[in-house]
Colleague: 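What follows is a structure written as structure tokens; I'll ask about it next.
Small disclaimer: the values here were computed from a predicted structure and weren't measured. Reckoned from all heavy atoms, side chains included, excluding hydrogens, waters and symmetry mates.
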Amino acid sequence: MNRKKFLLFCCISEILIIICIATACIFEDFKFYVFYNFIYGITISLGLPLFFLYREKQNLDTVGIKKIGSYQMIILVAFIIFSIGGQIIPKIIAKEYIVWKVLPKALLPLVMTTFFEEFLFRGFIQIRLEKYFGSILAILTSGFLFSLYHLGYPGFRTVNDLLLLFAVGIGFAAAFKLSGNNLIVSFFVNLPNAFVTYVLKYWKFPKMTVYSSFYAGITIFLIGMIIYFYRKNSKFN
């Protein structure tokens with residue numbers, strides 16, 4: 001994929017994701033999971049990148065799915081402490097009540113969504129942006145696209161929310177780059193942040209129910225199977 005085609009892919013996929021999430025949030029029944037889990041997630045965020053990887057005869061390590069070593073662990077721990085501490089410590093100091101009880105139903109949905117975010121915006125897009133435009137612009141653009149896609153969620157459409165998400169996205173992108181483009185690091189930096197953000201602002205997220213966990217569990221299983229079969233059948237030289 002050349003530079004122009006890749007930028008076109010970024011624009012089209014971003015627009016499609018925003019439309020899919022916005023459409024999903026209109027519904028509260030099975031249609032939500034069709035648009036959110038399967039169209040936004042499996043099809044656009046995972047399927048399209050894998051399609052292009054296969055056409056280019058590239059393994060999964062080209063999207064950052066690599067082993068994690070001691071250096072990556074240091075980056076991971078440092079970013080988690082910074083991101084979680086920055087949200088939780090001020091609340092603790094102010095003696096604010098934190099609604100941890102809302103988290104269990106959101107665990108699997110947040111694991112699923114975090115994987116889609118990191119696989120697409122970091123693993124697929126950021127690595128290729130870096131190839132075409134350099135590290136700094138890749139980090140900024142990855143953070144911008146991450147922020148912009150949240151326009152699909154009705155609760156995150158304010159300027160302040162989008163600017164905060166832009167800063168957060170830059171943090172995830174920086175963790176990805178500093179770790180040696182390791183998707184596992186950026187995923188585990190993003191995930192605790194997603195848990196804490198949900199607990200602090202759960203009303204801004206799509207409603208989490210038992211069904212959310214059920215369908216997220218199915219989707220996570222499908223992700224695992226797709227990744228497994230791709231790895232098994234794409235031993236490119």
Side-chain angles (χ1 to χ4, degrees), residues 1-21 24 33-69 72-73 75-76 107-132 138 141-142 145-146 149 169 172-173 175-177 179-191 194 213-237:
M1 194 188 311
N2 60 36
R3 182 185 300 187
K4 289 183 179 179
K5 288 183 178 179
F6 176 69
L7 291 176
L8 182 62
F9 167 85
C10 291
C11 293
I12 292 175
S13 60
E14 186 84 356
I15 292 168
L16 289 176
I17 286 173
I18 293 170
I19 292 172
C20 284
I21 294 175
Y33 305 104
V34 170
F35 280 97
Y36 193 88
N37 295 36
F38 300 109
I39 301 180
Y40 148 58
I42 294 290
T43 303
I44 301 174
S45 298
L46 179 63
L48 284 180
L50 285 179
F51 169 75
F52 287 111
L53 287 181
Y54 193 82
R55 283 187 60 185
E56 296 167 2
K57 297 185 178 181
Q58 294 185 354
N59 289 319
L60 290 173
D61 59 359
T62 63
V63 288
I65 299 182
K66 311 171 184 177
K67 292 181 180 179
I68 186 168
Q72 284 75 29
M73 282 300 301
I75 297 296
L76 173 59
L107 287 174
L108 287 180
L110 290 175
V111 169
M112 175 193 72
T113 303
T114 298
F115 173 81
F116 290 141
E117 290 175 349
E118 294 308 304
F119 188 87
L120 178 63
F121 293 114
R122 250 61 69 185
F124 188 75
I125 289 178
Q126 185 175 330
I127 286 177
R128 282 150 187 78
L129 284 171
E130 185 174 339
K131 174 184 174 182
Y132 294 131
T141 306
S142 174
L145 292 174
F146 171 80
Y149 108 89
F172 299 155
F176 182 63
K177 174 59 182 174
S179 68
N181 292 345
N182 191 301
L183 192 69
I184 298 171
V185 171
S186 61
F187 174 78
F188 281 108
V189 168
N190 188 338
L191 188 57
S213 295
F214 174 73
Y215 286 112
I218 293 174
T219 308
I220 291 169
F221 173 76
L222 290 175
I223 291 169
M225 295 303 296
I226 291 168
I227 294 294
Y228 170 77
F229 282 110
Y230 185 89
R231 184 180 292 277
K232 184 179 179 180
N233 294 288
S234 60
K235 301 295 183 180
F236 304 119
N237 295 321

Colleague: Can you tell if the side chain of Ile127 reaches within under 4.5 Å of the side chain of Thr62, non-hydrogen atoms only?
Modeller: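 No, too far: nothing below the 4.5 Å cut-off.
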Colleague: Measuring from Phe9:CZ to Leu16:CG, what's the distance to the nearest 0.5 Å?
Modeller: 9.5 Å
Colleague: Counting distance only, does the side-chain N/O of Thr43 pair as donor-acceptor with the main-chain N or O of Tyr40 below 3.5 Å?
Modeller: no
Colleague: Let me see the working for Ile220 and Phe115 under side chain to side chain contact (heavy atoms under 4.5 Å, CB included), right down to the final yes or no.
Modeller: CA-CA 9 Å; Ile220 291 169; Phe115 173 81; over 6 Å; no
Colleague: Is any side-chain heavy atom of Tyr36 closer than 4.5 Å to a side-chain heavy atom of Met112?
Modeller: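 Side-chain contact under 4.5 Å: yes.
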Colleague: Return the minimal non-hydrogen interatomic distance between Ala194 and Thr114, and the atom names on each side.
Modeller: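 Distance-wise, the nearest heavy atoms are CB-OG1, 4.0 Å.
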Colleague: Can you tell me if Ser179 uses its side chain to pair, donor with acceptor, with the backbone of Phe176 under 3.5 Å?
Modeller: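 At least one qualifying donor-acceptor pair exists.
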Colleague: Give a yes or no on this: more than 12 heavy atoms of other residues, nucleotides or ligands lie within 6.0 Å of atom CZ of Phe188.
Modeller: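 No, not enclosed.
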Colleague: For Asn59 and Asp61, indicate whether the former's side chain and the latter's backbone hold a donor-acceptor pair under 3.5 Å.
Modeller: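 No, Asn59 side chain to Asp61 backbone: no donor-acceptor pair under 3.5 Å.
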Colleague: Please tell me if the side chains of Arg231 and Ile65 come closer than 4.5 Å, counting only heavy atoms from C-beta onward.
Modeller: yes
Colleague: What closest approach, in Å, do Ala175 and Ile75 show between heavy atoms, and which atom pair accounts for it?
Modeller: O-CG2, 3.9 Å
Colleague: Could you check whether Arg122 makes a cation-pi contact with Phe187, meaning its NZ or CZ is under 6.0 Å from the centre of the six-membered ring and within 45° of the ring axis?
Modeller: no
Colleague: What is the distance from atom CG of Leu60 to atom CZ of Phe119, rounded to the nearest 0.5 Å?
Modeller: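 Atom-to-atom, Leu60:CG and Phe119:CZ are 6.0 Å apart.
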Colleague: Starting at CD1 of Ile39, measure out to CD1 of Ile44 and round the result to the nearest 0.5 Å.
Modeller: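 If I round to the nearest 0.5 Å, the distance is 7.5 Å.
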Colleague: Would you indicate whether the side-chain heavy atoms of Asn37 and Ile218 approach each other to under 4.5 Å?
Modeller: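 Result no, sub-4.5 Å side-chain heavy-atom pair not found.
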Colleague: Are Leu53 and Phe124 close enough that some pair of their side-chain heavy atoms sits under 4.5 Å apart?
Modeller: yes
Colleague: Any chance you could lay out the side-chain hydrogen bond (donor to acceptor under 3.5 Å, both in side chains) test for Tyr33 and Thr219, step after step, and finish with the verdict?
Modeller: CA-CA 10 Å; Tyr33 305 104; Thr219 308; over 6 Å; no
Colleague: Which label fits Tyr132 and Phe6: parallel for a plane angle under 30°, tilted from 30 to 60°, or perpendicular past 60°?
Modeller: tilted
Colleague: Are the side chains of Leu120 and Ile17 in touch, meaning some heavy atoms are under 4.5 Å apart?
Modeller: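 Heavy-atom side-chain distance check passes, below 4.5 Å.
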Colleague: Between Ile184 and Leu76, is a side chain to side chain contact (heavy atoms under 4.5 Å, CB included) present by the stated rule, with each step listed?
Modeller: CA-CA 9 Å; Ile184 298 171; Leu76 173 59; over 6 Å; no
Colleague: Would you say the side chains of Asn182 and Gln72 form a donor-acceptor pair under 3.5 Å?
Modeller: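 On atom types as modelled, these side chains do not qualify, holding no pair under 3.5 Å.
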Colleague: Between atom CZ of Phe172 and atom CG of Leu191, what is the distance when rounded to the nearest 0.5 Å?
Modeller: 9.5 Å
Colleague: Please confirm whether the backbone N or O of Glu130 pairs with a side-chain atom of Lys177, one donor and one acceptor, at under 3.5 Å?
Modeller: no
Colleague: Is a donor on one side and an acceptor on the other found under 3.5 Å between the side chain of Ser186 and the backbone of Leu183?
Modeller: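 Looks like yes, one N/O pair under 3.5 Å.
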Colleague: Say you draw a straight line from CZ of Phe116 to OH of Tyr149; how long is it, rounded to the nearest 0.5 Å?
Modeller: 10.0 Å
Colleague: Taking Glu118 for its side chain and Asn190 for its backbone only, find out whether a donor-acceptor pair lies under 3.5 Å.
Modeller: no
Colleague: To the nearest 0.5 Å, tell me how far Ile21 CD1 sits from Thr113 OG1.
Modeller: 8.0 Å
